[in-house]
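Every chain is numbered from 1 and lettered A, B, ... according to where its sequence line falls, protein lines coming before strand lines. On a predicted model such as this, the values are computed, not experimentally measured, just so you know.
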Number of protein chains: 2
Amino acid sequence: MSLTEENYLKALIYLSFLAPGIKEKKDVGTNELASYLKLKSSTVNEMLKRLKEKNLIHHEKYKKISLTNSGERTGLKIVRKHRLWETFLFTKLGFDWIEIHEVAEQLEHIKSEKLVEKIDMLLGYPNYDPHGDPIPDKCGKIPQRICKNLSTVERGKNCVVLAVRNTSRDFLNYLEDLNISIKTEIAIVGKIAFDNSIKIKIKNKQHSISNKVADNLLVDDSFN
Amino acid sequence: MSLTEENYLKALIYLSFLAPGIKEKKDVGTNELASYLKLKSSTVNEMLKRLKEKNLIHHEKYKKISLTNSGERTGLKIVRKHRLWETFLFTKLGFDWIEIHEVAEQLEHIKSEKLVEKIDMLLGYPNYDPHGDPIPDKCGKIPQRICKNLSTVERGKNCVVLAVRNTSRDFLNYLEDLNISIKTEIAIVGKIAFDNSIKIKIKNKQHSISNKVADNLLVDDSFN
DNA sequence: TATAATAGTTAGTATTACCTAACAATATAA
DNA sequence: TTATATTGTTAGGTAATACTAACTATTATA
Ligand SMILES: [Mn+2]
Ligand SMILES: [Mn+2]
Ligand SMILES: [Mn+2]
Ligand SMILES: [Mn+2]
């Protein structure tokens with residue numbers, strides 16, 4: 001497995017069921033995959049042939065792409081490694097949650113079963129990475145939990161941030177300005193019908209956030 | 001810098017001054033480099049053009065190769081990363097000294113200045129890796145110390161193992177059988193003139209080792 | 001010093017992973 | 001249902017990294 005092939009599988013996993021908002025597995029288009037990977041569709045098309053040859057994907061000419069069991073297993077291992085390395089960088093080396101993704105993007109391709117398992121052990125077998133994303137276990141099983149969009153929480157309720165659905169520098173920097181990170185408690189003070197923006201209170205400081213921001217925060221409000 | 005280019009620089013560093021037994025910097029031949037990297041000399045020749053283009057080596061047609069200052073600095077950074085990762089795997093993750101090299105061969109190519117420095121800090125700024133090899137500092141400075149070949153220690157003297165000059169599975173496995181690792185104390189009980197083999201005592205157990213084995217162990221006997 | 005051995009280079013080919021441009025199939029919409 | 005837009009494929013090209021085979025320069029030896 002080349003680094004490039006691994007990245008294709010990871011992308012397919014993301015686009016077919018891991019991306020936020022996907023309820024059930026869906027097939028993926030060539031262009032969709034190409035634009036996600038920032039490649040031309042002709043490039044992707046060539047790789048699809050190789051992945052099919054290796055029995056990692058199902059693909060018929062002019063039809064959509066889906067992962068085989070083998071492809072999904074392999075891809076989930078990369079996701080697992082990525083998220084474990086992010087956790088390692090964050091909790092053991094003091095990287096912040098903005099920096100970790102880029103380095104993990106390299107570390108996820110290190111080939112050593114033992115290394116992954118030792119890092120997992122060192123971290124105490126974490127279930128979620130520093131962005132709140134679930135870490136697949138050795139078998140590819142992804143921990144589930146009840147969580148909802150901050151934008152869907154009712155006025156007057158409190159909630160706790162579980163995950164961010166966007167890990168761009170811009171978004172994470174903005175969250176740091178707002179003092180929002182994983183486990184931050186947020187109170188919904190008011191909702192503006194006009195633009196769906198929300199008034200929230202964090203550590204007794206009030207802020208107003210757009211619907212777009214609220215939509216990228218996953219929270220737990222079940223304790224209300 | 002590609003992974004491949006980095007490996008060429010590391011190889012040049014090794015062959016020109018880091019390899020055991022080299023007293024002063026020497027230039028490297030194309031074939032010598034090719035055989036060390038297990039590549040054909042024509043392949044190496046092409047890469048030499050690219051490395052010269054990038055000002056990493058000096059090379060005139062039909063002449064020997066030497067590193068520029070820039071090439072040496074860059075190569076030493078890879079050596080530093082390799083040895084720090086080996087130390088990390090050994091001391092923090094419980095890998096044994098036979099396994100670490102292969103994984104470090106991959107980890108040494110991860111591009112993140114911050115990551116290297118954080119790992120260095122986590123390890124407490126070590127000077128030597130688990131094989132006893134010196135770890136270049138951030139500036140490329142290599143710690144020096146007095147040490148000699150076990151084969152040159154006189155009968156009746158005691159010494160402490162500082163480093164192994166060969167990290168092959170076969171050699172390290174044999175050393176484990178003999179109970180020899182870094183810091184092991186060895187007493188020279190006798191020397192056989194016929195084949196230069198040596199009778200040694202480790203933890204009160206006597207063994208006989210060949211000259212070839214003794215030649216691959218660096219020791220300190222200055223405390224006698 | 002002439003010749004043979006060794007060392008180093010060049011030419012031509014393959015594979016991976018990318019590209020652009022042109023084309024074909026499918027989906028959408030008038 | 002035909003025209004158009006979107007989606008997917010093919011052809012042909014490039015750069016990096018490898019190879020084999022053939023060649024040239026340098027070094028060692030007789
Ligand atoms: Mn990430
Ligand atoms: Mn990646
Ligand atoms: Mn090593
Ligand atoms: Mn390497």
Side-chain angles (χ1 to χ4, degrees), chain A residues 1-12 14-16 19 22 26-68 71 74-75 78 105-106 108-111, chain B residues 1-12 14-16 19 22 26-68 71 74-75 78 105-106 108-111:
Chain A
M1 281 288 285
S2 73
L3 180 148
T4 314
E5 287 169 339
E6 291 186 344
N7 283 339
Y8 273 81
L9 293 184
K10 199 168 63 121
L12 283 169
Y14 185 78
L15 295 172
S16 66
I22 299 180
K26 73 180 200 37
D27 291 355
V28 178
T30 305
N31 285 322
E32 187 186 3
L33 180 54
S35 92
Y36 179 76
L37 290 170
K38 297 190 172 72
L39 295 171
K40 300 299 165 180
S41 43
S42 54
T43 302
V44 167
N45 208 260
E46 266 186 3
M47 178 60 91
L48 294 182
K49 282 172 197 156
R50 226 168 319 141
L51 295 176
K52 192 188 172 181
E53 195 62 42
K54 294 193 179 180
N55 253 295
L56 295 163
I57 58 167
H58 300 295
H59 185 229
E60 299 308 320
K61 233 191 206 180
Y62 289 105
K63 297 280 157 60
K64 304 235 155 176
I65 312 147
S66 63
L67 287 158
T68 61
T74 313
I78 313 296
E105 203 56 50
Q106 299 177 62
E108 71 188 4
H109 301 290
I110 301 295
K111 278 159 194 57
Chain B
M1 281 287 285
S2 74
L3 179 147
T4 313
E5 287 170 338
E6 290 185 344
N7 283 340
Y8 273 81
L9 294 184
K10 199 167 63 120
L12 283 169
Y14 184 79
L15 295 172
S16 65
I22 298 181
K26 73 181 200 36
D27 292 356
V28 179
T30 305
N31 286 324
E32 186 186 3
L33 180 54
S35 92
Y36 180 76
L37 290 170
K38 296 190 173 72
L39 295 170
K40 301 299 165 180
S41 43
S42 54
T43 302
V44 167
N45 208 259
E46 265 186 4
M47 178 60 92
L48 293 181
K49 282 172 196 155
R50 226 163 322 137
L51 294 176
K52 192 188 172 181
E53 195 60 44
K54 294 192 178 179
N55 254 295
L56 295 163
I57 59 167
H58 299 294
H59 185 231
E60 299 309 321
K61 234 192 206 180
Y62 289 104
K63 296 281 157 59
K64 304 235 157 178
I65 311 147
S66 63
L67 286 159
T68 61
T74 313
I78 312 296
E105 203 57 49
Q106 299 177 61
E108 72 189 3
H109 301 289
I110 300 295
K111 278 158 194 60

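Shown for residues 26-36 of chain A: residues whose heavy atoms fall under 4.0 angstrom of DNA chain D, namely A:G29, A:T30, A:N31. Residues of residues 47-62 of chain A that place a heavy atom closer than 4.0 Å to DNA chain C, in numerical order, are A:M47, A:R50, A:Y62.
Among pairs with a residue in residues 27-47 of chain B, those fulfilling salt bridge (Lys or Arg N to Asp or Glu O under 4.0 Å) read B:K26-B:E32, at least two apart in sequence or across chains. For residues 34-57 of chain B, the ring-ring contact (aromatic ring centres under 6.0 Å, His included) pairs, not counting sequence neighbours, are B:Y14-B:Y36.
In the displayed structure, A:K63 atom NZ is contacted under 6.0 Å by at most 12 heavy atoms of other residues, nucleotides or ligands.
The CD atom of B:E46 sits 11 Å away from the C1' atom of D:dA15 (whole-angstrom rounding). Atom-to-atom, CD of A:E5 to C1' of C:dT15 comes out at 12 Å; the value is rounded to the nearest Å.
At a threshold of 4.5 Å between non-hydrogen side-chain atoms, the residues A:L9 and A:I78 do not count as touching.
Salt-bridge check for A:K52 with A:E60: passed, with a basic side-chain N closer than 4.0 Å to an acidic carboxylate O.
For a distance-only test at 3.5 Å, the side chain of A:T4 fails to qualify as a donor-acceptor partner of the base of C:dT16.
For A:E53, there are no side-chain contact (heavy atoms from CB on, under 4.5 Å) partners at least two apart in sequence or on another chain. B:Y62 is linked by a ring-ring contact (aromatic ring centres under 6.0 Å, His included) to nothing, counting only residues two or more places apart in sequence or in another chain.
Taking only side-chain nitrogens and oxygens, B:S41 never comes nearer than 4.0 Å to OP1 or OP2 of C:dG8. The phosphate of C:dA17 has OP1 or OP2 within less than 4.0 Å of a side-chain N or O from A:S2.
Between D:dA11, D:dC19, C:dC18, one nucleotide has an atom nearer to the side chain of A:L39 than all others, and that is C:dC18.
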